[in-house]
4 protein chains.
Amino acid sequence: MSKDKIIQAAIEVFSENGYHRASMDEIAARAQVAKGTLYYNFPGKSQLFKTVVKQGIEDIMQRTEAELNSPLPMKEKIERVIRDHLDLFLESRHFSHIVFNEISNGIEQDVLDELKELKRKYLSFLASIIEEGQCEENLCRAVDANLAAASIVGTLESTCNYYLNHQDAYSRDDLEQFAFTMITQGLFISFE
Amino acid sequence: MSKDKIIQAAIEVFSENGYHRASMDEIAARAQVAKGTLYYNFPGKSQLFKTVVKQGIEDIMQRTEAELNSPLPMKEKIERVIRDHLDLFLESRHFSHIVFNEISNGIEQDVLDELKELKRKYLSFLASIIEEGQCEENLCRAVDANLAAASIVGTLESTCNYYLNHQDAYSRDDLEQFAFTMITQGLFISFE
Amino acid sequence: MSKDKIIQAAIEVFSENGYHRASMDEIAARAQVAKGTLYYNFPGKSQLFKTVVKQGIEDIMQRTEAELNSPLPMKEKIERVIRDHLDLFLESRHFSHIVFNEISNGIEQDVLDELKELKRKYLSFLASIIEEGQCEENLCRAVDANLAAASIVGTLESTCNYYLNHQDAYSRDDLEQFAFTMITQGLFISFE
Amino acid sequence: MSKDKIIQAAIEVFSENGYHRASMDEIAARAQVAKGTLYYNFPGKSQLFKTVVKQGIEDIMQRTEAELNSPLPMKEKIERVIRDHLDLFLESRHFSHIVFNEISNGIEQDVLDELKELKRKYLSFLASIIEEGQCEENLCRAVDANLAAASIVGTLESTCNYYLNHQDAYSRDDLEQFAFTMITQGLFISFE
DNA sequence: TATGAATGAGGGTTCATTCAT
DNA sequence: GATGAATGAACCCTCATTCAT
């Protein structure tokens, strides 16, 4: 079906180029459909973008949720969340970018609002995991869970980015261990 | 002088829109000069962008360096580095974004290389502070200092971003304390 | 169809203005299509130019070739070649100019190379007629046929040009006779 | 003096690029004067162009005239005229182009008229030499002398052009001999 | 359901020219 | 006499969108 081909192509093209630099022409070409077909299936570029982002966020949420339903100790759960995100970020270099950072000037306000809402929902989802760790097991520090979620995503994104530019210096495993340490224990050795 | 007006305008426009969405027309209008004046002073858009980024990075490096020359305990130094970065990031909403995350497709390769070099130099600068904390005072954990620098910047950027979208829920001071805690102690209460 | 309209308009505009002075805007206006349509049909200005030149050269080659297939004495054939070229040059004032003399600085090298190749092919075609006259009938002097071809084209072009600026002083027939005499017998009455 | 430096630079730049493609910036740079100085010395681009063309034409006329005052047989005089022109055309590749063929759309009408007048004067000068050969020595055929002049210039220009693109195949001497033969005797061996 | 030719607003860039110094 | 910063019109080109088929 055309719609699916288009979405797949759109994920690729948006991920590689970012919103503004991605062109409907290239999406159509990559999806092997005519340009008109894009507009037959989606009202416009920004709506297509929204669909892509939505799908991406739902994917990672589902992926992560599946892991969390298994009866694991909290510490391990968070390890997995980090691993899942590294997978996603490394796999589709710019996707996290788009989702979390795309400068949005030039997208219609209503689409923009929906995107913000999606992002909010996603951070809430992460925050709820953290809250679980705060309540249930007294594992996590009593910081604001939403800020913590944002901070984790930021850390993961920027370290992935650094890693991708210096793949000779680190292994994927180094990255994962570093991220886990940094996120859970912070920079300081002790702190009274 | 035109050149300064242009740089100021460029900082604004690039910060608000990102590279690709920023237009030379708007920069000229904001700087209250004719479009041709941009090209009299800079060879083109990408070079103007480079100048802006360079200046931004040099600014924050200088600002931070000044603080670090004072004889403060390491812990306080890092507190100040965080505060300086929050200042910068909050002040110019998307500047950090541009510097650290701008999707670069479509910028000439040579300019791109210079930008990467600038970024690398900046992260090295931050890393050197961390290394100092590792060696001199045995304060910092023995993680890779460059990755740690990247991770700090990522944390600050994404929490700032979150804060700017939820200013009703937090004070600037909340943000600062959160960032310091998260960066230095991490998410977990204890970890033996 | 748009493509044909564009080519016709391009012939006119390039002929009247030369490559650098011709503007895509004017071609679009003359073709009564939107500017974007030019770029839908051709990759850019230089490619459009190439198409125009190619078509022009192929036209004159075909036109001439048709004449030469008829079983005429060589002398008459050359008369016809001259007449055909005068037709072309007088009809589309600057076309020959463009083809044979366009200063090419600023056209992409690959297009330029194709144009040179076209020109070379055309001169070879003329040269082959001359060679026929040298061999078969011992009519033509044993000069280098390619130079001779170039020289004929130059003579025709510059006399046409002169004629067009002094139409009151000569008839088309005067021009034709003059060209034939000059090309075939030269300036001197006798030469021992 | 600035004026002279400018004219020399202008000759170079116009010769290399043609009128429309030549830029005042480059002329100024080549003359090592500021851009404003061009406008201090000349009213504008087209006037500067006119000056250059004028000087070029006067140069070649003087150069040729000097040769013709010596008491040579007519045949030799014409040989020299050809040689002088080849020198000029080969030396300054596009100068003849500019003078004899520059498509002039976009130059102010009054300058254009002056240029045409210059060209006319020059062709008359050549024509007068031919006329001398017709009358005095009964050497030249009784063709229209102005057309003959135009035709000679056209031949020389286009053969020079061909030669410059195929320098491996011919020597300068080949070119000179060819031009002399073609111009004076034409293509045909005999013609009764 | 799908197409692709056509559009036109807007983007980056060039350059002859002006003018205060 | 000479400068060079500043201008703005005009250039080539891109691309999201429309619409007849």
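Given the structure is predicted, the values throughout are model-derived calculations rather than measurements.
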(message) Measure CG/Leu48(B) against P/dG11(E) and give the value in whole Å, please.
(response) 15 Å

(message) Does Lys45(A) qualify as a cation-pi partner of Tyr19(A), given the criterion of NZ or CZ under 6.0 Å from the six-membered ring centre and within 45 degrees of its axis?
(response) yes

(request) Determine, for Arg30(C) against Glu16(C), whether the closest basic-nitrogen to carboxylate-oxygen distance falls under 4.0 angstrom. (result) yes

(request) Could you tell me the separation between the CZ atom of Phe49(C) and the C1' atom of dC12(F), rounded to a whole number of Å? (result) 16 Å

(message) I want to check a possible cation-pi pair here: Lys50(B) against Phe42(B), using under 6.0 Å from ring centre and within 45° of the ring axis as the test.
(response) no

(request) Send over the distance from Gln47(B) CD to dG12(E) P, rounded to a whole Å. (result) 15 Å

(request) Assign a letter to each nucleotide of nucleotides 14-21 of chain F from its 5' end: B, base within under 4.0 Å of a protein heavy atom; S, sugar-phosphate only; -, no contact. (result) B-BBB---

(message) Using the side-chain heavy atoms of Ser2(A), tell me which of these nucleotides is nearest: dT7(F), dG4(F), dA2(E).
(response) dA2(E)

(request) Calculate the interatomic distance between Gln32(D) atom CD and dG1(F) atom P; express it in whole Å. (result) 21 Å

(request) Could you check how far CD1 of Ile27(B) sits from C1' of dG12(E), rounded to whole Å? (result) 11 Å

(request) Let me have DNA chain E in dot-bracket notation, would you? Count Watson-Crick plus G-U wobble pairs, both distances under 3.5 Å, and use [ ] for pairs crossing earlier ones and | for inter-strand partners. (result) .||||||||||||||||||||

(request) Mind checking salt bridge (Lys or Arg N to Asp or Glu O under 4.0 Å) for Asp25(C) and listing every partner two or more places apart, or none if nothing turns up? (result) Lys35(C)

(message) Could you tell me how far apart Leu38(D) (CG) and dT3(F) (P) are, to the nearest whole angstrom?
(response) 9 Å

(request) Answer with yes or no whether the side chains of Gln8(D) and Asp4(D) bring together a donor and an acceptor at under 3.5 Å. (result) no

(request) Output all residues satisfying salt bridge (Lys or Arg N to Asp or Glu O under 4.0 Å) with Glu58(B), sequence neighbours left out; order by chain, then residue number. (result) none

(request) Applying side chain to side chain contact (heavy atoms under 4.5 Å, CB included), name anything that partners Gln32(D), two or more places apart in sequence or on another chain. (result) none

(request) Look at the side-chain N and O atoms of Asn41(B) and state whether any lies under 4.0 Å from the OP1 or OP2 oxygen of dA6(F). (result) yes

(request) Specify the separation, in whole Å, of atom CD1 of Ile107(D) and atom P of dA16(E). (result) 12 Å

(message) List the residues meeting side chain to side chain contact (heavy atoms under 4.5 Å, CB included) with Asp110(D), not counting sequence neighbours, and say none if there are none.
(response) Gln47(D), Glu108(D)

(request) Taking the side chain as every heavy atom from C-beta outward, state whether Phe89(A) and Leu164(A) have any pair of such atoms under 4.5 Å apart. (result) no

